[in-house]
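This structure is a prediction, so every number in the text was calculated from the model and none was measured.
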Amino acid sequence: MFEDLFINGMIIIAFLAIENQFFLKDNVVSPHSSLASKIIFGIMNGALGSVLVVYSLTIAPNVLFDFRHVPVILSALFGGMIPTVISSVFIGLFRLFYVGVSTSSLVGLIAIVISGGVFPLIVHRSKTLWKKWMNTALFSNGMIGISYLFLIENPVYFLKIISVWWIGNLLISYVLYKYTDYMITSNELLRRYKRESAKDFLTGLNNVRKFDEMMSQYSAESVANKKPFTLLFIDIDHFKKINDQYGHGEGDIVLQEMGKILQSECSNQGVVSRNGGEEFSVMVPDCSSKQALVIGEKIRKAVENYRFVLSDGRIATFPETTNQIFHLKEEADRALYEAKEQGRNQVVLYRNK
């Protein structure tokens, strides 16, 4: 019997690994996911339960021995009520048609459907992943015990079967608890790494790596489509004095507020990044030099009115102010230098001399 339960357990782990790749790694399925995702997830777990039924052990006439309830727990754990109901009904109906209509198949259908209604409530009320697995396992032990009590007449044989099933169920629940705990932690770290690889930790803006990626993309698109592309470089005048006088903590607050201003002023027009230190940038596709000056002046006034020393605007626009798309970054930097040289607190348009 333990051998058959072991096979069931290995099938569950293999299916869970597949579901992790397609649904759980990128957080496609959760109680807040789309209805379509929940339905697909429920059907997948229903199919898993059906496979477990196929690989079950017959312990009495039409009485099967397997872990078909576990996919229903997985549905409740990750997707909530909708996929749980779908998977439980799917498994129950498959069991009914696979073996045929009988007392045991009807009892199995009722047991799995009841479990499908109760598991989401247990998962919702249990605070930790450990309690979610153990509480659902204990409920399953009780439900299967009641089911086998109706179907197995020999008391000694009943005690033997139910003891093996209870032990096996608790063992597989513990193994799956450890596996899902590892899987959830790994997925969270992966999603965090993806976020942090593209976002500046302080301001939440795109970081320099994302800036380089978007710069290459917009540059190629501008050349291919023969459309203008504007790059604004912005930094905060005398920012070192803020850190020296008020401390780096206050300087960080200034940078965060600066990021919010740029997001507010430019989020609908371009891509805002923090390129390092007090330096920011805004990439605006399909933007002429005249439009760029308007955007730059709008940013300048917003920052000035916010009581920050103005970030010097440096603007370069392809193809109006530069005909070398891959030199756009360097030429925008020259425009910034000119703005500083001419007295700061101003927007300078780069001219190819």
Side-chain angles (χ1 to χ4, degrees), residues 1-16 42 45-77 84-123 126 130-177 179:
M1 294 181 191
F2 277 114
E3 293 87 348
D4 296 279
L5 292 181
F6 178 79
I7 293 171
N8 263 220
M10 294 302 99
I11 293 172
I12 292 168
I13 292 174
F15 261 76
L16 183 56
N45 284 320
L48 169 57
S50 301
V51 172
L52 298 177
V53 170
V54 172
Y55 284 90
S56 62
L57 173 68
T58 302
I59 57 175
N62 294 326
V63 180
L64 304 182
F65 192 70
D66 54 62
F67 283 144
R68 79 191 74 157
H69 69 287
V70 172
V72 184
I73 295 176
L74 293 173
S75 294
L77 190 65
T84 308
V85 172
I86 292 172
S87 60
S88 63
V89 172
F90 190 112
I91 296 168
L93 292 176
F94 179 84
R95 166 71 172 84
L96 189 67
F97 290 106
Y98 178 70
V99 178
V101 178
S102 64
T103 300
S104 62
S105 59
L106 291 175
V107 170
L109 174 61
I110 293 170
I112 198 72
V113 170
I114 290 175
S115 298
V118 174
F119 284 157
L121 301 178
I122 294 175
V123 167
S126 302
W130 167 253
K131 289 183 178 179
K132 294 177 195 293
W133 272 111
M134 287 302 104
N135 290 340
T136 52
L138 291 174
F139 179 85
S140 301
N141 280 354
M143 183 60 64
I144 294 299
I146 294 171
S147 300
Y148 282 171
L149 189 62
F150 280 104
L151 300 174
I152 300 175
E153 296 180 357
N154 187 321
V156 176
Y157 187 57
F158 165 78
L159 290 175
K160 177 183 177 182
I161 291 295
I162 202 64
S163 297
V164 172
W165 198 91
W166 280 357
I167 293 171
N169 184 41
L170 291 175
L171 285 174
I172 191 63
S173 295
Y174 177 75
V175 170
L176 288 172
Y177 155 69
Y179 184 70

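Residues satisfying the salt bridge (Lys or Arg N to Asp or Glu O under 4.0 Å) test with R68, not counting sequence neighbours, are D66. With sequence neighbours left out, S75 forms a side chain to side chain donor-acceptor pair (under 3.5 Å) with N45, S87. Taking the side chain to side chain donor-acceptor pair (under 3.5 Å) definition, one finds that S147 meets it with nothing, sequence neighbours left out. In this structure, the ring pair (Phe, Tyr, Trp, His ring centres under 6.0 Å) partners of Y177, at least two apart in sequence or on a different chain, are W130. Under the side chain to side chain donor-acceptor pair (under 3.5 Å) criterion, N141 pairs with N169, not counting sequence neighbours.
Counting all heavy atoms, side chain and backbone alike, V72 lies closest to G116 at CG1-CA, 3.8 Å. When every heavy atom of S115 is checked against every heavy atom of F139, the shortest pair comes out as OG-CE2, 3.9 Å. Closest of all the heavy-atom pairs between S126 and K132 is O-NZ, 2.9 Å. The minimum heavy-atom distance between L170 and A137, with the atom names listed, is CD2-CB, 4.2 Å.
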Kindly determine whether F119 and L77 satisfy side chain to side chain contact (heavy atoms under 4.5 Å, CB included), including the steps that lead there. CA-CA 8 Å; F119 284 157; L77 190 65; over 6 Å; no
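Atom CG in L149 sits 9.0 Å away from atom CD1 in I162 (nearest 0.5 Å). To the nearest 0.5 Å, atom OH of residue Y174 and atom CE of residue M134 are 9.0 Å apart. From I91, atom CD1 reaches atom CG of L96 across 13.5 Å, with rounding to the nearest 0.5 Å. Taking CG of L16 as the reference point, atom CD1 of I13 lies at 8.0 Å (rounded to 0.5 Å). Taking CZ of F65 as the reference point, atom OH of Y148 lies at 5.5 Å (rounded to 0.5 Å). In this structure, L121 CG and N135 CG are separated by 12.5 Å, a value rounded to the nearest 0.5 Å.
At least one side-chain heavy atom of R95 sits under 4.5 Å from a side-chain heavy atom of L64. Put simply, the side chain of L74 does not reach to within 4.5 Å of the side chain of F15, judged on heavy atoms. Proximity of S140 to W165: side-chain heavy atoms (C-beta onward) are separated by under 4.5 Å at one or more points. Proximity of L5 to V164: side-chain heavy atoms (C-beta onward) are separated by under 4.5 Å at one or more points.
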All N/O donor-acceptor pairs, side-chain side in residues 47-61, below 3.5 Å, sequence neighbours left out:
| unit_1 | atom_1 | unit_2 | atom_2 | d |
| --- | --- | --- | --- | --- |
| S50 | OG | G46 | O | 2.9 |
| S56 | OG | V53 | O | 2.5 |

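Shown are N8, I12, T136; of these, the side chain to side chain contact (heavy atoms under 4.5 Å, CB included) with V70 is made only by I12.
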